[in-house]
Amino acid sequence: MLRVENLRVVYQEVISVLHGVSLKVPDGQVTVLLGANGAGKTTLLRAICGLLPVYDGKIIEGSVLLEDTPLHRLDSSTIVKRYRTTYVMEDRPVFWYLTAEENLKAAAFSRWNREVPADIEKVMALFPKLVSLRNTKAGYLSGGEQQMLAVGMALMTKPKILMLDEPSLGLAPLIVRELFGIIRSLNQEGLTIFLVEQNAHAALSVAHTGYVMENGRIVLDGPSGELIKNKDVREFYLGTARVDQKRYLEAKRYKRRKRWL
Ligand SMILES: Nc1ncnc2c1ncn2[C@@H]1O[C@H](COP(=O)(O)OP(=O)(O)OP(=O)(O)O)[C@@H](O)[C@H]1O
Ligand SMILES: [Mg+2]
């Protein structure tokens with residue numbers, strides 16, 4: 001189990017972004033983190049993966065524990081190689097000038113061995129669209145194809161925990177459905193998944209548990225089946241709010257109902 005405990009993060013020594021975040025990512029489950037733009041979701045993923053220093057960020061309090069190992073004291077390459085926790089960043093990081101297949105090979109750099117060619121074929125089987133594109137430069141792929149390649153690259157590191165940052169961003173509904181179908185089947189094969197999303201509907205439909213983050217704090221959590229029925233989540237993340245609601249009244253009602261305020 002991955003556990004985040006009371007995590008506080010600042011950027012540039014002074015910009016406080018996470019104000020004591022705690023959550024759990026149990027083994028074998030899909031855990032989703034919902035939250036609006038700027039809530040701190042990506043910051044949390046960076047903190048878990050040891051990438052904060054790259055962005056001039058720092059953990060000033062709290063911990064990230066994988067079983068009993070404090071990940072927050074390790075560098076990102078050790079977290080991937082030794083602790084098998086891999087993060088697919090939100091901007092679909094693929095090497096534009098390499099072909100799809102070369103990207104998959106490059107992603108296996110941390111574990112190059114005889115199994116790599118077979119693992120490339122496994123990724124191709126999981127994402128059949130990539131088969132005909134294996135010799136195409138990644139820069140020519142569509143957004144959806146690049147996202148699938150980015151997930152495929154993460155799988156080449158043989159993760160135990162896969163963390164995905166808004167994989168549905170900018171993708172057509174049909175592609176989102178396909179991608180979430182793959183996320184579900186990866187989980188059914190035993191992969192632990194931590195999913196950051198704004199597409200609450202798609203995310204909650206594959207997740208076991210969910211958390212909602214606002215302004216650097218977890219404000220709500222529970223089994224995804226409960227969150228999907230929760231009035232606040234429905235209104236503010238599933239877009240079921242009435243269009244004729246006056247903004248102020250809406251905000252007032254929301255605040256009144258928010259137990260956490
Ligand atoms: N390197 C940085 N230096 C200073 N502030 C930063 C830095 N990176 C992020 N922030 C700030 O931290 C806050 C949280 O950003 P973060 O990217 O974690 O949010 P997010 O929930 O992932 O948002 P989005 O849904 O838009 O991706 C924002 O106010 C952002 O401006
Ligand atoms: Mg983000």
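Keep in mind it's a predicted model, so treat the numbers as computed, not measured. Residue indices begin at 1 and follow the sequence shown. The basis for the numbers below is simple: all heavy atoms, side chains too, and nothing from hydrogens, waters or symmetry mates.
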Any donor-acceptor N/O pair, Asn6 side chain to Gly62 backbone, under 3.5 Å: no

Carboxylate-amine/guanidinium contact Glu145 Arg92, below 4.0 Å: no

Short side-chain to backbone donor-acceptor contact, Asn187 and Ile183, under 3.5 Å: no

Test item: Lys105 side-chain N/O and Ala100 main-chain N/O as donor-acceptor pair under 3.5 Å: no

Salt bridge flag under 4.0 Å for residues Lys160 and Asp27: no

Where Ala106 and Leu98 come nearest, the two heavy atoms and their spacing: CB-CD1, 4.4 Å

Approximate separation, where rounding is to 0.5 Å, of Ile161 CD1 and Phe194 CZ: 10.0 Å

Student check: side-chain heavy atoms of Ile218 and Leu23 closer than 4.5 Å: yes

Tyr211 (side chain) donor-acceptor with Lys24 (main chain) under 3.5 angstrom: yes

Side chain His208, main chain Val30, donor-acceptor under 3.5 Å: yes

Least distance between heavy atoms, Gly50 atom then Ser76 atom: O-CB, 4.0 Å

Heavy-atom donor-acceptor pair, Thr85 side chain to Tyr83 backbone, under 3.5 Å: yes

Pairwise salt bridge (charged side-chain N to carboxylate O under 4.0 Å, His left out) hits with a residue in residues 6-23, at least two apart: Arg8-Glu61, Glu13-Lys58

